[in-house]
Amino acid sequence: MSSYDESDAFGAAAVPLSRRAMGADPKAHAPYLDTLNPAQREAVETLDGPVLMLAGAGTGKTKALTTRIAHLMTTGRARPNEILAVTFTNKAAREMRNRLGALMGEAVEGMPWLGTFHAICVKLLRRHAELVGLKTNFTILDTDDQIRLLKQLVAVEDMDDKRWPARMLAGIIDGWKNRALTPDAIPTADAQAFDGRGVRLYAAYQARLRELNAADFGDLLLHMLTIFTQNEDVLAQYRRWFRYIMVDEYQDTNVAQYLWLRLLAGGHKNICCVGDDDQSIYGWRGAEVGNILRFEQDFEGAKVIRLEQNYRSTPHILAAASGLIDANKGRLGKTLWTEAEEGEKLRLIGHWDGDEEARWIGEEVEALQRGTRGLDPVSLDDMAILVRASHQMRAFEDRFLTIGLPYRVIGGPRFYERLEIRDAMAYFRLAVSLDDDLAFERVVNTPKRGLGDKAVQTIQRTARANGVSLVEGARLAVQTKLLSGKGLKELGILVDALDRWHGQVRSEADTHVELAEMILDESGYTAMWQNDKTPEAPGRLENLKELVKALENFENLQGFLEHVALIMDNESSDAEAKVSIMTLHAAKGLEFPVVFLPGWEDGLFPSQRAMDESGLKGLEEERRLAYVGITRAERLATVSFAANRRVYGQWQSQLPSRFIDELPEDHVEVLTPPGLYGGAYGAAGMAASASPAIAGAATSDLHDRAGRADVYNSPGWKRLQSRSQGARGLAQPVEARGLTIDATAVSSFTEGDRVFHKKFGYGLVSGIEGDKLKVDFEKAGTKHIVARFVVAADAADDVPF
DNA sequence: CCTCACAGAACAAAT
DNA sequence: TTCTGTGAGG
């Protein structure tokens, strides 16, 4: 693989072939070019040399990018394996692969170098691991492993872990890695980091990683950078190999990624970077907007192509977004335009508190779904609620669960980050490699085996003294009876079991799925959750079942573990339509006909912390985030804020976001119910400080919606609040948070029944009101719940595994 | 060694 | 509010 010779027959034939294709009548050979606008077409046809494609939101960037790749191939400039195409998310990579497939048929199956920075770097690093002192089967640590490891190192330093938490150190080290700094290259300005011990701990951490034959996320890139800079031959080989380089979301690259790209493109300079400086929202993760702002200097003779025709949003939405982002300084500048019909203005509404906001949005989603107010019905799949911070999702989940509105949370606590999944994975990791000390530490005493801190320390000491892994240390400790009683016996059993599983992984006597089930069974891990009577336990068992099911898609355990380390997202595409809830960050690159943007309050959005930590820079990034949010909407965008919000369980009064003041009045329609600003709710202060748009609304006519009855203004508040009491449609099997509940369970309950609810746990039915149950939950108190969201308690007990 | 109860801090974003 | 770490008691 690593010795591709570009002078082979195909490569040699490529050039003349391309001349033919590009010559007399390119259109005849490339009908896809006709579907592009002039700017896109220029971007597609400018194949050689550095190109910067400045693509505003919704301007057909992915289309241009994929068509460009297709064009490289059909003109014979490059074969699929000679194109390096980098994205930031797996989602984006998948999307690109699909679009390419649609464009070119199955011919693109062989694009091995389309992927995220991290995925590509892993692939490369496995080949050259020995150059940085790793073995090719190195393991990839996730954040959790990383912090546990750092904790140990910090403990050795005997520092006050309240003031100097390992988490902070992890952040500092990540920051250095993002800037491509190895321990020996930390600038003196950073020497004081982490009480002056940051650099030393960083070095110790790297040494420990090497001992463990492990790399963290940052290392994947950093190691490749080291390899490229220290091994000219390796770099030269890949420079020849990747004849064309394409980078998506260039504004999000950090220094390490930038250097990596510059090295690889250094020879031929056939690099095409696509990005939008207005959508740079990952500064906190080390992204450097400077990379995109500086592109023309970095790559001399670069061609800059602007994609400015927007195909996504209506003019009002576009204008509102543009007006907002105008407040930022130092932009490259773009003027988005559209041929779309005018459409609705951006809607703005204030609420009394966060619960009211969630309720209103729930009502609104249902109204839009039914197609009231003279608009066509909108599918739930076409609506999204975009929040600044994930904790804001809670209010919506609670509300939607109560009214029975199907929703999906995107990018929430992810499947592979859940406790039970990580535990199970640790067992799998150990079965595959008995040297995985971190995995061993995680599961020695899970389930409880009577092996506490003391016992673990003994094992560690033994292992260290003999220079062996923890599993071997444990074996020695058992043999020499360094432990006693229950612990000794249990540890012996565990070590034997590990040996057995490891043998079975190697012999491949059983399928890996059977093996996985056996491991979870014999380790007592499944039993542990079966005996657990907390409300979460059934859900966890369900997740474990899902995990085993996911295994079926892989050849073996190793392959699966590799996949999981990198692909941390789990998009379950299910048949039923659902409204999406996600963070603004997760929403980048997506689009929805209808978008809700709640929580526009100073301190929440823009986030106080961003402003405290990064000042004006932070504020501008927040503003870009707002811009990203608005530009996700195709037809209808609704911004909202609340006067009061619970923060740490304490009520706090909030002020509308300064971004609201920056929205151009001409493109905003204010929906605020009259009562709210009349002082009746004690929110007069809010009106005084609010934007001109709001202040105007308080005195002007609110019924300006083209003759339509306006549900927000006329019967007003009361109707909004009472409507939710009405009956819902017929119950369907609904999945919320992973547990599917059958509709047959509906209303088969009577008072006194013990029931289980996915979120609230166990409780007793104390009343029945229509399709709703009044339930006294053991932990969550009394709630009114749509009947189809609970199951009989005995049914929840035997969620099978 | 385990479990429970209490105090105190924590809500920013993710490959 | 909810999670985490700590200390007493079994």
Side-chain angles (χ1 to χ4, degrees), chain A residues 86-93 115-122 140-144 146 151 161-163 165 167 170-171 174 177-178 215-221 249 252-254 256-257 280-287 354 386-395 398 410-414 416-417 419 444-457 483-488 490 536 564-569 582-588 599 603-614 618 621-622 624-625 628-629 645-652 779-781:
Chain A
V86 216
T87 64
F88 271 84
T89 63
N90 296 299
K91 203 169 60 192
T116 63
F117 274 103
H118 292 86
I120 287 169
C121 280
V122 173
I140 302 164
L141 298 195
D142 59 30
T143 321
D144 214 67
Q146 196 184 354
K151 234 180 209 155
D161 57 1
K162 279 266 156 42
R163 237 159 62 99
R167 198 164 214 33
D174 275 350
K177 289 187 176 176
N178 286 337
D216 66 18
F217 271 107
D219 282 339
L220 299 178
L221 259 143
E249 309 281 14
D252 289 336
T253 49
N254 61 34
Q257 289 157 341
S280 163
I281 56 175
Y282 283 105
W284 52 274
R285 213 170 76 188
L386 310 183
V387 297
R388 170 67 246 262
S390 51
H391 65 258
Q392 293 174 258
M393 294 179 180
R394 223 199 111 103
D398 281 351
I410 296 183
R414 288 174 298 176
Y416 291 115
E417 281 171 7
L419 173 86
V444 240
N445 204 28
T446 314
K448 301 265 179 295
R449 296 189 173 88
L451 297 160
D453 275 354
K454 269 271 175 54
V456 173
Q457 274 174 26
L483 301 172
S484 57
K486 186 177 179 229
L488 178 69
E490 291 284 335
E536 304 87 62
V564 169
L566 288 172
I567 318 282
M568 298 286 280
D569 58 6
M582 69 187 91
T583 63
L584 287 160
H585 284 88
K588 185 152 79 137
L604 183 59
F605 189 36
S607 138
Q608 193 56 50
R609 210 163 131 183
M611 294 187 291
D612 289 348
E613 281 169 18
S614 317
E621 181 155 312
E622 294 288 300
R624 290 193 291 266
L625 200 49
V628 167
R645 202 170 282 278
R646 253 191 149 103
V647 182
Y648 303 142
Q650 293 291 88
W651 284 104
Q652 278 200 347
K779 306 227 152 136

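Chain letters run A, B, ... following the sequence lines, proteins first and then strands; every chain starts at 1.
Here dT15(B) presents its C1' atom at 15 Å from CG of Asp144(A), a figure rounded to the nearest Å. If you take NZ of Lys588(A) and P of dT15(B), they are 11 Å apart, rounded to a whole angstrom. Taking atom CD1 of residue Ile410(A) and atom C1' of nucleotide dT15(B), one finds them 17 Å apart after rounding to whole Å. Distance CZ (Arg388(A)) to C1' (dA14(B)): 12 Å, rounded to an integer number of Å. What separates CG of Asp252(A) from C1' of dA13(B) is a distance of 12 Å, to the nearest Å. Taking atom OH of Tyr282(A) as the reference point, atom C1' of dA12(B) lies 11 Å away to the nearest angstrom. Atoms CZ (Phe217(A)) and P (dA13(B)) sit 17 Å apart, rounded to a whole Å. The separation between Phe88(A) atom CZ and dA14(B) atom P is 14 Å, rounded to whole Å.
A salt bridge links Glu613(A) to Arg609(A): at least one charged side-chain nitrogen sits closer than 4.0 Å to a carboxylate oxygen.
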Using the 3.5 Å cut-off, write out each protein N or O paired with an N or O of nucleotides 2-7 of chain B and the distance between them.
unit_1	atom_1	unit_2	atom_2	d
dC2(B)	OP1	Asn445(A)	ND2	3.3
dC2(B)	OP1	Gly450(A)	N	3.1

Protein-nucleotides 1-5 of chain C N/O pairs under 3.5 Å:
unit_1	atom_1	unit_2	atom_2	d
dT1(C)	O4	Tyr648(A)	O	3.4
dT2(C)	OP1	Arg394(A)	NH1	2.8
dT2(C)	OP1	Arg394(A)	NH2	3.2

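Distance from the side chain of Glu622(A) is smallest for dA12(B) among the nucleotides dA14(B), dC1(B), dA12(B).
Contacts of Ala610(A) with the nucleic acid, taken as non-hydrogen atoms under 4.0 Å apart, include base atoms. No contact: Phe117(A) has no heavy atom under 4.0 Å from any strand. At a threshold of 4.0 angstrom between heavy atoms, the contacts of Glu613(A) include nucleobase atoms, whether or not backbone atoms are also involved.
Expressed to the nearest 0.5 Å, how far CZ of Arg624(A) lies from CG of Leu584(A) amounts to 14.0 Å. The CG atom of Leu221(A) lies 10.0 Å from the CD1 atom of Ile120(A); values are rounded to the nearest 0.5 Å. If you take NZ on Lys177(A) and CZ on Phe217(A), they are separated by 12.0 Å, rounding to the nearest 0.5 Å. Interatomic distance, OG of Ser607(A) versus CD of Glu621(A), reported as 10.5 Å (0.5 Å rounding).
Between Val647(A) and Gln650(A), the closest side-chain pair of non-hydrogen atoms is not below 4.5 Å. At least one side-chain heavy atom of Phe605(A) sits less than 4.5 Å from a side-chain heavy atom of Leu625(A). Residues Lys588(A) and Asp252(A) form a side-chain contact, since some pair of their non-hydrogen atoms from C-beta on lies under 4.5 Å apart.
Place Gly218(A) and Met611(A) on DNA chain B by their nearest nucleotides, and Met611(A) ends up nearer the 5' end. Each of Ser607(A) and Val456(A) lies near DNA chain B, and the nucleotide nearest Val456(A) is the one positioned closer to the 5' end.
Arg449(A) contributes a side-chain N or O that, together with a main-chain N or O of Val444(A), makes up a donor-acceptor pair within less than 3.5 Å.
For Trp284(A) and dA12(B), a side-chain-to-base donor-acceptor distance below 3.5 Å is absent, hydrogens and geometry of angles not being considered. Counting atom types as modelled, Arg609(A) pairs a side-chain N or O with a base atom of dA12(B) as donor and acceptor under 3.5 Å.
On the P atoms, dA13(B) is 15 Å away from dT4(C), given to the nearest whole Å.
Ring-base stacking between His118(A) and dT15(B) is not satisfied when judged by a centre separation under 5.5 Å and a plane angle under 30°.
Under 4.0 angstrom from either OP1 or OP2 of dC11(B) there lies no side-chain N or O belonging to Ser390(A).
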Margin query: Between Phe88(A) and Arg285(A), is the side chain to side chain contact (heavy atoms under 4.5 Å, CB included) condition met? List the steps.
Written below: CA-CA 12 Å; Phe88(A) 271 84; Arg285(A) 213 170 76 188; 4.0 Å; yes
